[in-house]
Asker: 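Okay, here's the structure, questions in a sec.
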Amino acid sequence: MRSDHSNSVHQQRARLLTALRRGAVSTIEARRSLDIISPAARIKELRDAGHTIVTAWTVEETDCGKPHRCAKYVLMGEARFVKTKPNTR
C-alpha cells in the first residue's frame, strides 16, 4: 500500500487540526480516514499547544459492524500562538 502522506506526529497533528476545522472528528474517523492510529495522543498534543478541544462520547459502528463507544472531538478555539517547551538546561 502506497502512502501519499507522512505519518510523522507533526503531519498527523496537522491532518487532525485541518479536519477539526471542518467539524467534529471521532476516534474511529481519525483512524479510518486520517490514518491516525492514536488520535487521543494527537488531541492531547493539540491541547498542550493551546487549542481548545472538547470531547463528547458517542457510539459509532466499527468496520466490523459492531457498535463501539468512542470519543468525538470538537475544536472550540485555536491557539493564538504556538507554545514552545521551556528552555531546560
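Residue indices begin at 1 and follow the sequence shown. Below, all heavy atoms of this structure are taken into account, side chains as well, without hydrogens, waters or symmetry copies.
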Asker: So, does S6 use its side chain to make a donor-acceptor pair with the main chain of S8 at under 3.5 Å?
Answerer: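 Present.
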Asker: What distance separates C70 SG from E29 CD, expressed to the nearest 0.5 Å?
Answerer: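 The CD atom of E29 is 9.5 Å from SG of C70, to the nearest 0.5 Å.
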Asker: I'd like to know if I36 and I53 are part of one continuous hydrophobic network [Ile/Leu/Val/Met/Phe/Trp/Tyr, side-chain heavy atoms within less than 4.5 Å].
Answerer: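 Yes, it is one cluster - the side chains of I53 and I36 are joined through contacts under 4.5 Å.
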Asker: Return the CG to CG distance between L46 and L75, rounded to the nearest 0.5 Å.
Answerer: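 Result: 8.5 Å between the selected atoms.
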Asker: If the condition is side chain to side chain contact (heavy atoms under 4.5 Å, CB included), which residues does A71 pass it with, not counting sequence neighbours?
Answerer: T27, T55, W57, Y73
Asker: Minimum heavy-atom separation for P67 to V59, with atom names?
Answerer: CB-CG1, 3.7 Å
Asker: First locate atom CZ of R42, then atom CG of L20, and finally report the distance between them rounded to the nearest 0.5 Å.
Answerer: 13.5 Å
Asker: What pairs meet the salt bridge (Lys or Arg N to Asp or Glu O under 4.0 Å) rule with one or both residues in residues 69-78, with sequence neighbours excluded?
Answerer: R21-E78, E60-K72
Asker: Say whether, by atom type as modelled, one donor and one acceptor occur between the side chain of Q12 and the main chain of N7 under 3.5 angstrom.
Answerer: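 Flag set: sc Q12 to bb N7 pair under 3.5 Å.
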Asker: If you measure from CZ on R31 to OG on S26, what distance do you get to the nearest 0.5 Å?
Answerer: 9.5 Å
Asker: Closer than 3.5 angstrom, by distance alone: can the side chain of H68 be matched with the main-chain N or O of T62 as a donor-acceptor pair?
Answerer: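 Such a contact is absent between H68 side chain and T62 backbone.
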Asker: A side-chain contact here means heavy atoms from C-beta on lying under 4.5 Å apart; do R47 and K44 qualify?
Answerer: no
Asker: How far does CD of Q11 sit from CZ of R13, to the nearest 0.5 angstrom?
Answerer: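 Interatomic distance, Q11 CD to R13 CZ, rounded to 0.5 Å: 9.5 Å.
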Asker: Do L34 and I43 share a hydrophobic cluster (ILVMFWY, side-chain heavy atoms under 4.5 Å, transitive)?
Answerer: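 Yes, L34 connects to I43 through the hydrophobic network.
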Asker: Among residues at least two apart in sequence or on other chains, which ones pass salt bridge (Lys or Arg N to Asp or Glu O under 4.0 Å) with R32?
Answerer: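 By the salt bridge (Lys or Arg N to Asp or Glu O under 4.0 Å) rule, R32 matches D63.
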